Novice: 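My structure is below; once you've seen it, I'll send some questions.
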Amino acid sequence: MSETNPKLRAELEGIPTYKPGKPAAAGGPAAYKLSSNENPYPPLPGVLESVTAAAESFNRYPDMACTGLMNELSDRFGVPLSHLATGTGSVGVAQQLIQATAGPGDEVVYAWRSFEAYPIITQISGATSVRVPLTPGDVHDLDAMAAAITDRTRLVFVCNPNNPTGTVVRREELERFLDRVPADCLVVLDEAYREFIRDPEVPDGVELYRERPNVCVLRTFSKAYGLAGLRVGFAIAHEPVAAALRKTAVPFGVSQLAQEAAIASLRAEDELLGRVGSLVCERTRVSDALRAQGWTVPESQANFVWLRLGERTVDFAAACEQAGVVVRPFAGEGVRVTIGEAEANDIFLKVTEAFHKEL
């Protein structure tokens, strides 16, 4: 038998591996998972019933055009159907965006640290990542990002709020940045955590997209809407970009169960807003408690908080797990901790109080 292996693309060499949040181990000390920015609430009213009904026909392919969901989104956001595209979570749509815009010799600009999928999906396409460090306050440095754009830049990600730091860029600075970006360079406003924002100075990306053909907005049903396990996200963009997204989509990628769940979730908005409000209150409680303990915590507008711990990061994550909660460590940098059930948040705060005394 020949020992020669099939030739694979060189771009796959050394590609970073996406690290999902570690689950709480069955029978282990960790009872709560605060590592994946999941919504701790069960499905919204009507969602489980919609999914159960749809499950009766999952021997059939889903509606590839996502007709019902697209119509619902068009009405909800006041945008034409031709300006919408769906995918397997916002990260799936982000990968489609890079496939549609960038290849070998092209560049993709994003802040770092930011969403860890950006370097992965960029490298898969054969494009080059241009990482622009966050400011000392863990915020996007939009001036430096604008300066990093060259004639090879095809796409720029602005994660707002930023994952994993929870920080935001505000209207004036974002609009100034967009004014500096060449018209033929796509700017993707990744707004996976939009529903948790309470800062009135943070603009809604959908309003910015309306007047700027090179702006695309990403949204997801995985976070506030609590459909992380069903994988459905969408983009709002002007017709050439949205059409390209529909071309690069995996056929039948969004299951019928996901489509029906998303529609039902959109129709349960009052309940959604109540749940999001409760999580925001918990976010405030946790952030205030951390600062009272002596921690420096960036102001989060997402459903998580960020602690910069440097070389103590892994030790802190281990202490959390031993106490009963799993957090998301970024070795050598810090931990991201999802706002979960009050009981889980209380365990986390006990660990931070003890740990800070040792620093």
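Not measured: the values here are computed from a predicted model.
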Novice: For the pair Q293 (side chain) and H356 (backbone), establish whether a donor and an acceptor sit closer than 3.5 Å, ignoring hydrogens and angles.
Specialist: no

Novice: Would F355 and W295 satisfy side-chain contact (heavy atoms from CB on, under 4.5 Å), going step by step from the backbone distance to the final call?
Specialist: CA-CA 10 Å; F355 205 87; W295 294 93; 4.2 Å; yes

Novice: Measure from the side-chain N and O atoms of S265 to the backbone N and O of A261, and report whether any donor-acceptor pair falls under 3.5 Å.
Specialist: yes

Novice: Working note: R312 + E358, criterion side-chain contact (heavy atoms from CB on, under 4.5 Å); need CA distance, chi angles, decisive distance, verdict.
Specialist: CA-CA 11 Å; R312 302 297 306 278; E358 299 174 3; 4.2 Å; yes

Novice: Hydrophobic clustering (ILVMFWY, side-chain heavy atoms < 4.5 Å, transitive) - are I263 and L73 grouped together?
Specialist: yes

Novice: Quick one about Q256 and E260 (side-chain donor to acceptor, distance below 3.5 Å, no hydrogens or angles considered), yes or no?
Specialist: yes

Novice: Can you list the residues that meet the side-chain hydrogen bond (donor to acceptor under 3.5 Å, both in side chains) rule with S35, with sequence neighbours excluded?
Specialist: none

Novice: Would you say R328 and S36 are linked by a side-chain donor-acceptor pair, where the criterion is simply a distance under 3.5 Å?
Specialist: no

Novice: Looking only at heavy atoms, which two atoms of P104 and S125 are closest? And how far apart?
Specialist: CD-O, 3.7 Å

Novice: Spell out, as yes or no, whether a donor-acceptor pair under 3.5 Å connects the side chain of E107 to the backbone of I149.
Specialist: no

Novice: Quick one: are S129 and Y110 in side-chain contact, heavy atoms under 4.5 Å?
Specialist: yes

Novice: How close do L81 and R246 get, counting heavy atoms only, and between which atoms?
Specialist: O-NH1, 4.0 Å

Novice: As an exercise, state the distance from CG of D190 to CZ of F157, rounded to the nearest 0.5 Å.
Specialist: 7.0 Å

Novice: Got a sec, which pairs hit ring pair (Phe, Tyr, Trp, His ring centres under 6.0 Å) with one end in residues 67-86, sequence neighbours left out?
Specialist: F77-F234, H83-Y209, H83-H238

Novice: Is V181 linked to V206 within one hydrophobic cluster, defined over Ile, Leu, Val, Met, Phe, Trp and Tyr using a side-chain heavy-atom separation of less than 4.5 Å?
Specialist: yes

Novice: For the side chain of R283 and the backbone of A302, is there at least one donor-acceptor N/O pair under 3.5 Å apart?
Specialist: yes

Novice: Specify the closest pair of heavy atoms between N160 and V169, including all atoms of both residues, with the distance to one decimal.
Specialist: OD1-N, 2.8 Å

Novice: Is V335 reachable from L134 through a run of hydrophobic residues whose side-chain heavy atoms are each under 4.5 Å from the next?
Specialist: no

Novice: side-chain contact (heavy atoms from CB on, under 4.5 Å), that's the test. Do L84 and L69 meet it? Break it down for me.
Specialist: CA-CA 10 Å; L84 287 164; L69 177 56; over 6 Å; no

Novice: What's the spacing between Q123 CD and E13 CD if we round to 0.5 Å?
Specialist: 9.5 Å

Novice: Show every donor-acceptor pair shorter than 3.5 Å between a side-chain atom in residues 40-56 and any protein atom, with sequence neighbours excluded, or say none if there are none.
Specialist:
from : atom 1 : to  : atom 2 : distance (Å)
E49  : OE1    : G46 : N      : 3.3
S50  : OG     : G46 : O      : 2.9
T52  : OG1    : L48 : O      : 2.7

Novice: Do L245 and L97 make a side-chain contact, defined as non-hydrogen atoms from C-beta onward lying under 4.5 Å apart?
Specialist: yes

Novice: Would you say that more than 12 heavy atoms from the other residues, nucleotides or ligands in this model lie under 6.0 Å from the CZ of R152, or not?
Specialist: no

Novice: As a test of understanding, state which of D138, T165, T313, T296 forms a side-chain hydrogen bond (donor to acceptor under 3.5 Å, both in side chains) with R308.
Specialist: D138

Novice: With rounding to the nearest 0.5 Å, note down the distance linking NZ in K357 to OG1 in T352.
Specialist: 10.5 Å

Novice: State, with a plain yes or no, whether a side-chain heavy atom of D141 is found less than 4.5 Å away from one of P133.
Specialist: no

Novice: Between T248 and Q99, does the side-chain hydrogen bond (donor to acceptor under 3.5 Å, both in side chains) criterion hold? Intermediate values first, please.
Specialist: CA-CA 7 Å; T248 54; Q99 288 177 321; 4.5 Å; no

Novice: Answer whether the closest heavy-atom distance between the side chains of F221 and L230 falls below 4.5 Å.
Specialist: no

Novice: Give a yes or no answer on whether the side chain of E191 reaches the backbone of G205 with a donor-acceptor pair at less than 3.5 Å.
Specialist: yes

Novice: Taking CD in E211 as the centre, count heavy atoms belonging to other residues, nucleotides or ligands within less than 6.0 Å. Is the count above 12?
Specialist: no

Novice: Begin from the C-alpha positions of F304 and Y193 and carry the test side-chain contact (heavy atoms from CB on, under 4.5 Å) through to its verdict.
Specialist: CA-CA 10 Å; F304 53 84; Y193 302 93; 3.7 Å; yes

Novice: Taking the side chain from N39 and the backbone from A224, do they hold a donor-acceptor pair closer than 3.5 Å?
Specialist: yes

Novice: Take a 6.0 Å sphere around CZ of F252 and say whether it holds more than 12 heavy atoms from other residues, nucleotides or ligands.
Specialist: yes

Novice: Which pair of heavy atoms, one from Q96 and one from G87, lies closest together, and at what distance?
Specialist: OE1-CA, 3.8 Å

Novice: Mind checking ring pair (Phe, Tyr, Trp, His ring centres under 6.0 Å) for F115 and listing every partner two or more places apart, or none if nothing turns up?
Specialist: Y118

Novice: Tell me whether I197 is reachable from V276 by hopping between hydrophobic residues (I, L, V, M, F, W, Y) whose side-chain heavy atoms are closer than 4.5 Å.
Specialist: no

Novice: Would you mind telling me which of N214, V215, L155 makes a side-chain contact (heavy atoms from CB on, under 4.5 Å) with V188?
Specialist: L155

Novice: Any side-chain heavy atom of R180 sitting closer than 4.5 Å to one from D143?
Specialist: yes

Novice: Quick one: do D75 and R267 make a salt bridge, cutoff under 4.0 Å?
Specialist: no

Novice: What's the separation between atom CZ in F316 and atom CZ in F348, rounded to the nearest 0.5 Å?
Specialist: 4.5 Å

Novice: Which pair of heavy atoms, one from A102 and one from R154, lies closest together, and at what distance?
Specialist: CB-CB, 4.2 Å

Novice: Does a donor on one side chain and an acceptor on the other come within less than 3.5 Å for N162 and S114?
Specialist: yes

Novice: With side chains defined as the heavy atoms from C-beta onward, is the minimum distance between Q322 and V351 less than 4.5 Å?
Specialist: no

Novice: Could you name each residue pair satisfying side chain to side chain donor-acceptor pair (under 3.5 Å) that touches residues 169-178, not counting sequence neighbours?
Specialist: R170-D199

Novice: Is a donor on one side and an acceptor on the other found under 3.5 Å between the side chain of T122 and the backbone of P119?
Specialist: no

Novice: Is the closest side-chain heavy-atom distance between R219 and R194 below 4.5 Å?
Specialist: yes

Novice: Please answer: with hydrophobic residues joined when any side-chain heavy atoms are less than 4.5 Å apart, are I236 and V254 in the same cluster?
Specialist: yes

Novice: Taking V297's backbone N and O only, do any of them form a donor-acceptor pair with R291's side chain (distance below 3.5 Å, no angle check)?
Specialist: yes

Novice: Please list all pairs passing the side chain to side chain donor-acceptor pair (under 3.5 Å) test where one or both residues lie in residues 330-350, with sequence neighbours left out.
Specialist: N37-R336, N37-T338, R113-E333, N163-R336, E282-N345, R285-D346

Novice: Check whether any side-chain N or O of T88 sits under 3.5 Å from a backbone N or O of V232 as a donor-acceptor pair, and report yes or no.
Specialist: no

Novice: Calculate, to the nearest 0.5 Å, the distance between atoms CG and OG1 belonging to L186 and T153 respectively.
Specialist: 12.0 Å

Novice: Looking only at non-hydrogen atoms, find the nearest pair between L208 and P203 and report the distance.
Specialist: CD1-CG, 4.0 Å

Novice: Any side-chain heavy-atom pair from F330 and P164 closer than 4.5 angstrom?
Specialist: yes

